[in-house]
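Letters A, B, ... are given to chains in the order of the sequence lines, protein chains preceding strands, and every chain is numbered from 1.
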Number of protein chains: 2
Amino acid sequence: MPSTSFTIGQAAERTGLSVHTLRFYEKEGLFATPVRRVGGQRVYSENDLRWLHLCTRLRASGMPLPAIREYAALVREGTRTMRARHALLRHHREHITDQIEELHRCLDLVSLKLAMYEEHLATDADDPLWPGTCPTEEQPLT
Amino acid sequence: MPSTSFTIGQAAERTGLSVHTLRFYEKEGLFATPVRRVGGQRVYSENDLRWLHLCTRLRASGMPLPAIREYAALVREGTRTMRARHALLRHHREHITDQIEELHRCLDLVSLKLAMYEEHLATDADDPLWPGTCPTEEQPLT
DNA sequence: GTAGGCCCTAGAGCCGGCTCTAGGGCAAAC
DNA sequence: GTTTGCCCTAGAGCCGGCTCTAGGGCCTAC
């Protein structure tokens with residue numbers, strides 16, 4: 001098995017990134033320029049795709065490009081940077097859990113609002129049952 | 001109780017938004033221009049702050065400004081837009097839960113990587129125990 | 001041999017969301 | 001009366017992260 005290889009188009013399809021974005025990431029140093037075929041076409045290995053997949057997840061969880069670049073650089077430097085990479089990822093994991101917590105707080109608020117709306121919609125089909133506490137009609141429920 | 005009121009500076013402090021951002025949000029239609037004092041200074045009521053607080057939560061959960069503007073417009077139109085607002089919020093709640101799920105997927109991947117690193121760091125303090133499967137030293141662990 | 005399809009580079013453009021600047025006003029404190 | 005501090009408007013600028021354009025090459029099929 002010659003360890004399947006992919007063109008940029010195939011890589012794009014498989015990672016969900018656009019061809020543009022792949023080249024852009026490369027230019028930004030998110031990964032070393034991949035092998036080229038004669039004629040200059042990029043050849044992506046399965047390893048490359050795995051790396052790209054990791055990148056998309058890091059991006060999706062809000063890691064900025066410079067941080068990913070840094071991580072990529074460490075990877076390229078070999079095993080002796082393991083501790084640094086470990087630290088970087090731990091830091092990012094915290095960032096992720098923070099985001100999840102924040103989203104839960106938002107979710108709670110939105111759910112509360114929704115519950116209020118549902119109560120109103122249920123009890124008084126169309127009537128503005130809410131007492132006239134808002135002469136300006138400014139804050140009917142927000 | 002004259003229902004305490006706030007200057008823009010105080011509102012900024014209390015909402016965690018900058019003074020600039022408050023004016024920016026207003027210009028963007030996230031809320032109706034608040035009452036002005038003689039001289040033109042904005043006066044924020046507690047209600048306004050509550051609304052702003054909701055806005056920050058909506059923003060923090062990724063609702064774009066145009067959507068918040070739309071919601072604000074509906075609020076201003078009064079009770080008869082309740083259903084529309086309800087729909088909008090339900091839609092957004094789904095968006096939030098999607099984000100949480102996505103973040104969990106990222107978290108899983110990162111945690112997995114971290115576990116790998118930890119195993120390596122534990123077993124072979126400094127040695128590149130990982131077998132020489134990577135002649136290019138390209139992918140020591142990613 | 002030429003048309004179609006995919007690839008290349010360099011660099012400009014766009015979009016959302018702020019963030020800041022310039023230039024100026026009001027009002028209380030010294 | 002001027003300094004200090006907060007406020008005002010209009011509009012420009014910035015940043016991250018893409019996204020697209022222009023101009024061109026290679027290869028395969030017809």
Partners of A:Arg59 by side-chain hydrogen bond (donor to acceptor under 3.5 Å, both in side chains), sequence neighbours excluded? none
Name every donor-acceptor pair, under 3.5 Å, that has one atom in a side chain of residues 100-107 of chain A and the other anywhere in the protein, sequence neighbours excluded.
{"unit_1": "A:Glu102", "atom_1": "OE1", "unit_2": "A:Arg105", "atom_2": "NE", "d": "3.3"}
{"unit_1": "A:Glu102", "atom_1": "OE1", "unit_2": "A:Arg105", "atom_2": "NH2", "d": "2.8"}
{"unit_1": "A:Glu102", "atom_1": "OE2", "unit_2": "B:Arg57", "atom_2": "NH1", "d": "3.4"}

Are any side-chain N or O atoms of A:Trp51 and backbone N or O atoms of A:Glu46, one a donor and one an acceptor, separated by less than 3.5 Å? no
Could you state the atom-to-atom distance from CD of A:Glu26 to P of C:dA10 in whole Å? 11 Å
Applying ring pair (Phe, Tyr, Trp, His ring centres under 6.0 Å) to B:His92 and not counting sequence neighbours gives B:His95
Distance check needed: C:dC7 P versus A:Glu13 CD, whole Å only. 10 Å
Kindly write out the residues that satisfy salt bridge (Lys or Arg N to Asp or Glu O under 4.0 Å) with B:Arg93, not counting sequence neighbours, or none if the list is empty. none
Taking only residues two or more places apart in sequence or in another chain, which ones pass salt bridge (Lys or Arg N to Asp or Glu O under 4.0 Å) with B:Arg69? B:Glu28
Would you give a per-nucleotide map of nucleotides 18-24 of chain C, 5' to 3', where B means the base has a protein non-hydrogen atom under 4.0 Å away, S means only the sugar-phosphate does, and - means neither? BBBB---
Set of residues satisfying side chain to side chain contact (heavy atoms under 4.5 Å, CB included) with respect to A:His91, sequence neighbours excluded: none
What N/O pairs connect the protein and nucleotides 4-8 of chain D at under 3.5 Å? Give each pair on its own line.
{"unit_1": "D:dC7", "atom_1": "OP1", "unit_2": "B:Thr7", "atom_2": "OG1", "d": "2.9"}
{"unit_1": "D:dC7", "atom_1": "OP1", "unit_2": "B:Gly9", "atom_2": "N", "d": "2.7"}
{"unit_1": "D:dC8", "atom_1": "OP1", "unit_2": "B:Arg42", "atom_2": "N", "d": "2.9"}
{"unit_1": "D:dC8", "atom_1": "OP1", "unit_2": "B:Arg42", "atom_2": "NH1", "d": "2.7"}
{"unit_1": "D:dC8", "atom_1": "OP2", "unit_2": "B:Arg23", "atom_2": "NH1", "d": "2.3"}
{"unit_1": "D:dC8", "atom_1": "O5'", "unit_2": "B:Arg42", "atom_2": "NH1", "d": "3.4"}

Quick one: list whatever passes ring pair (Phe, Tyr, Trp, His ring centres under 6.0 Å) with B:His20, sequence neighbours left out. none
